[in-house]
Amino acid sequence: MTNEAPRTYDVVVIGAGPVGENVADRASAAGLSTVIVERELLGGECSYWACEPSKALLRPVLARADARRVPGLRQAVAGPLDVEAVLAHRDKMSAYWNDENQVDWLDAVSVDLIRGHGRLDGPRQVAVQTPDGDTVRLNARHAVAICTGTSAALPDTPGLDTVRPWTSREATSADHVPGRLAIVGGGVVAVEMATAWQALGAQVTMLVRGDAGLLPRMEPFAGELVADGLREAGVDIRFGASLTAVAREDGEVRMTLADGAELVADEILFATGRAPRTADLGLETVGLTAGDWLTVDDTGRVTAVADGWLYAAGDVNHRALLTHQGKYQARIVGAAIGARAKGEPVDDARWGVHATTADGAAVPQVVFTDPEVASVGLTTLEADRAGRRVEVVDYDIARVAGAHQYGEGYRGQARMLVDVDRGTVAGVTFVGPGVGELLHSATVTVAGEVPVERLWHAVPAFPTISEVWLRLLETYRGRQQDQMLPAEA
Ligand SMILES: Cc1cc2nc3c(=O)[nH]c(=O)nc-3n(C[C@H](O)[C@H](O)[C@H](O)COP(=O)(O)OP(=O)(O)OC[C@H]3O[C@@H](n4cnc5c(N)ncnc54)[C@H](O)[C@@H]3O)c2cc1C
Ligand SMILES: NC(=O)c1ccc[n+]([C@@H]2O[C@H](COP(=O)([O-])OP(=O)(O)OC[C@H]3O[C@@H](n4cnc5c(N)ncnc54)[C@H](O)[C@@H]3O)[C@@H](O)[C@H]2O)c1
């Protein structure tokens, strides 16, 4: 009710994606009265239009690709995918876009829910516009946490408003396979969706601007191997392709590129990055700028706001646009809010219980393409930019016995960056079928700052792809021994 007295809680969370839910859970577990505000579905982008549906679309594609590499099995999976069954599986994995189970879970963790659009309304105040037009006012005794995530960022290409473009939402929830799909962008969404829709029967053309290749934030060999895989699957990848105009005519999407080339497709997907959902959040009522990313300290507090009552976690703080990393932040933010509310010490030292240190040191990511890409920590370029002295150790995963067992004609590559001053591993990238499940070994190594000498005692089982760890260590040792040999006369 508009005139209802404000309700007071210890903690108000805006946005019930995976991150907001976890902040609320941890705040409630710390004994604080907590309310969460959600305007769409509990579970956020990840559950319904991102991680879950995209991985449900990709799983059959990657499982079939793996099976086709196994002699004796190959013939059994020679046929096309059952599109109807894949889409039905995707719908099930997206919980049929219904959040009832999550409502039950919120109840179980004693968090109140208000459905509607939340906006800040001055320090520690939130106003929620409910679906029936009422306003609910909330006071936060200790903290407000903004966890509103991101939405797809679209360029200002002339004609875009006429084409009803796909964004990540349509690409993950479409109920039919377009005959021809154009994808703008060369990042993670672009390569995963190209993999899925090409395998489901679309003819995919990727328009990738510039010359940075695919997956420009990762080691260059990752993008190169993924490009090889996509091309072999039949995807037409056009690098240096800049879209200058687009129009929908007679049901078709017509595209013009900067070099004058013309292209036609049935649908066009813009996988051109993300924008923070902060444009209509009342940021200006607390001295911030609408539409900005929210910069936070290592305990999740928005640095530009006085008195430390405003927190931001997940995509919206722009640290790492990944569900698992946002949930990591959420656990820490919830605990930090709890500690501060109770006057307990806050341990925000590096790797302290209230510090999101891993955001800057060990962010893991798996790209679910064929081949998969799995990375954690720094790339060579990032190490260079950070002024870290690293030894770059490469190994061809195809030479590992476990890779021969995994599939015929295995192709893959591994890179380990050894920080020569610290004697620890600063970053790891694996590319190849099945490497996603290898990643946590690398994450433990990087986050644990395990000395390279100790890694010799972490023995990988034979014959698994994990033996690549041993080969990387041997390559590194061989190089060190070479450096110790006396120079030839
Ligand atoms: C196609 C795709 C695939 C992806 N795959 C992966 C993957 O495999 N693994 C991975 O780790 N990450 C993946 N990601 C990234 C992942 O989806 C995000 O990192 C994650 O969803 C961020 O969670 P969040 O809670 O911060 O934000 P969101 O999930 O966006 O949730 C924010 C919530 O806040 C609500 N909200 C926003 N504004 C308001 C408001 N004013 N009032 C009330 N509610 C509001 C929204 O409705 C939403 O429910 C993928 C992303 C895309 C686009
Ligand atoms: N498996 C996973 O972990 C996974 C899967 C999907 C998405 N995600 C997350 O979602 C986030 C968003 O992914 P994304 O692929 O949308 O963004 P991205 O930032 O990874 O890639 C954006 C791409 O679009 C291009 N681009 C940007 N503006 C453009 C323009 N105007 N014209 C042409 N090209 C343009 C960029 O050069 C880049 O190639 C990522 O940060 C990623 O972490 C994760």
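Note that ligands are numbered from 1 as they come in the structure, with each ligand's atoms numbered from 1 the same way. Numbers for residues simply follow the sequence, beginning at 1.
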Within 4.0 Å of some non-hydrogen atom of Q365, the atoms of ligand 2 are 2 (C), 3 (O), 4 (C), 42 (C), 43 (O), 44 (C)

R277 heavy atoms within 4.0 Å reach ligand 1 at atoms 30 (O), 32 (C), 37 (C), 46 (C)

Contact region, Q365 to ligand 1, non-hydrogen atoms below 4.0 Å, reads neither

With heavy atoms and a 4.0 Å threshold, my read on which part of A152 contacts ligand 1 is neither

- prompt: Going by atom types alone, do R119 and Q129 pair a side-chain donor with an acceptor below 3.5 Å?
  reply: yes

of all protein heavy atoms, closest to atom 27 (O) of ligand 1 is G149 CA, 3.3 Å

Review point. Can you tell me if R274 has a non-hydrogen atom under 4.0 Å from ligand 1?
Key: yes

Is the shortest N/O to N/O distance between G20 and ligand 1 below 3.5 Å?
no

In ligand 1, the atoms that come under 4.0 Å of a heavy atom of L321 are 15 (C), 19 (O)

*asked:* Taking distance alone, with N or O pairs closer than 3.5 Å, would you say P155 contacts ligand 2?
replied: no

May I ask you to check whether A271 has an N/O atom sitting below 3.5 Å from an N/O atom of ligand 2?
yes

Nearest heavy atom to atom 28 (N) of ligand 2, choosing from R209, E372, K55, M206, belongs to R209

**Prompt:** Strictly under 4.0 Å, does any heavy atom of P18 approach an atom of ligand 1?
**Reply:** yes

Logged contact type for L243 with ligand 2, heavy-atom cut-off 4.0 Å, is neither

At under 4.0 Å between heavy atoms, what of I14 touches ligand 1? The answer is side chain

Within-cut-off N or O pair, G185 and ligand 2, under 3.5 Å
no

- Is there any N or O on R274 that sits under 3.5 Å from an N or O of ligand 2? no

Closest heavy-atom approach to atom 49 (O) of ligand 1 among E40, E52, E38 is made by E38

For V366, the atoms of ligand 2 under 4.0 Å from one of its heavy atoms are 1 (N), 2 (C), 3 (O)

of all protein heavy atoms, closest to atom 4 (C) of ligand 2 is V188 CG1, 3.4 Å

Logged contact type for Q325 with ligand 2, heavy-atom cut-off 4.0 Å, is neither

So the atoms of ligand 1 within less than 4.0 Å of a heavy atom of G17 turn out to be 25 (O), 31 (O), 33 (C)

Note: L322, heavy atoms under 4.0 Å from ligand 1, region reported as both

Here the pair of heavy atoms bringing D266 nearest to P178 is CB-CB, 4.3 Å

If you scan protein heavy atoms around atom 39 (C) of ligand 1, the nearest is T148 CG2, 3.6 Å

(message) I want to know if ligand 1 touches G118 in the polar sense, i.e. an N/O pair below 3.5 angstrom.
(response) yes

- Using distance alone, decide if ligand 2 has a nitrogen or oxygen within less than 3.5 Å of any nitrogen or oxygen in G186. yes

protein heavy-atom neighbour closest to atom 16 (C) of ligand 1 works out as T323 OG1, 3.4 Å

If we number the atoms of ligand 1 from 1 as shown, the ones under 4.0 Å from a heavy atom of L281 are 41 (N)

### Query
Is G273 in polar range of ligand 2, meaning some N or O pair under 3.5 Å apart?
yes

At under 4.0 Å between heavy atoms, what of S54 touches ligand 1? The answer is side chain

### Query
Is atom CZ of R231 surrounded by more than 12 heavy atoms (other residues, nucleotides or ligands) closer than 6.0 Å?
yes

S168 heavy atoms within 4.0 Å reach ligand 1 at atoms 1 (C), 53 (C)

Exercise for review: Compute the shortest N/O to N/O distance between D315 and ligand 1 and return yes if it is under 3.5 Å, no if not.
Suggested key: yes

Checking heavy atoms under 4.0 Å, the part of L41 that sits near ligand 1 is backbone

Salt bridge R39-D280, side-chain N to carboxylate O under 4.0 Å:
no

Charged N to carboxylate O below 4.0 Å: is that the case for K92 and E52?
no

Correct closest heavy-atom pair for T323 and C46 would be OG1-SG, 3.1 Å

So the atoms of ligand 1 within less than 4.0 Å of a heavy atom of G44 turn out to be 29 (O), 31 (O), 48 (C), 49 (O)

for atom 3 (C) of ligand 1, nearest protein heavy atom and its distance come out as A50 C, 3.5 Å

Note to self: Below the 3.5 angstrom mark, is there an N/O of D280, backbone or side chain, next to an N/O of ligand 1?
What the structure shows: no

If we number the atoms of ligand 1 from 1 as shown, the ones under 4.0 Å from a heavy atom of G116 are 42 (N), 43 (C)

* List the steps, then state whether salt bridge (charged side-chain N to carboxylate O under 4.0 Å, His left out) holds for R115 with D99. => CA-CA 12 Å; R115 291 205 185 257; D99 65 4; 3.1 Å; yes

One should read off an interatomic distance between F221 CZ and D228 CG, to the nearest 0.5 angstrom, of 13.0 Å

Assess whether atom CZ of R169 is packed by more than 12 heavy atoms of other residues, nucleotides or ligands within 6.0 Å.
yes

Under 4.0 Å from one or more heavy atoms of V184, ligand 2 contributes atoms 33 (C)

Per-atom filter on ligand 2: closer than 4.0 angstrom to a heavy atom of L322 are 3 (O), 43 (O), 44 (C)

For E192, the ligand 2 atoms with a heavy-atom partner under 4.0 Å come out as 1 (N), 2 (C), 5 (C), 6 (C)

Ligand 1 contacted by V37 (non-hydrogen, < 4.0 Å):
yes

task: Anything under 30° is parallel, anything over 60° is perpendicular, the rest tilted; go ahead and classify W293 against H318.
output: parallel

Between R164 and E170, does any side-chain N to carboxylate O distance fall below 4.0 Å?
no

- Does an N or O anywhere in W49 fall below 3.5 Å from an N or O of ligand 1? no

For K55, the ligand 1 atoms with a heavy-atom partner under 4.0 Å come out as 5 (N), 6 (C), 7 (C), 8 (O)

R274 (side chain) donor-acceptor with T150 (main chain) under 3.5 angstrom = yes

* Is a salt bridge present between E21 and K327, judged by a nitrogen-to-oxygen distance below 4.0 Å? -> no

Candidates E45, R119, H117; heavy atom nearest atom 29 (O) of ligand 1 found on E45

Of M218, H318, R217, the residue with the heavy atom nearest atom 20 (O) of ligand 2 is R217

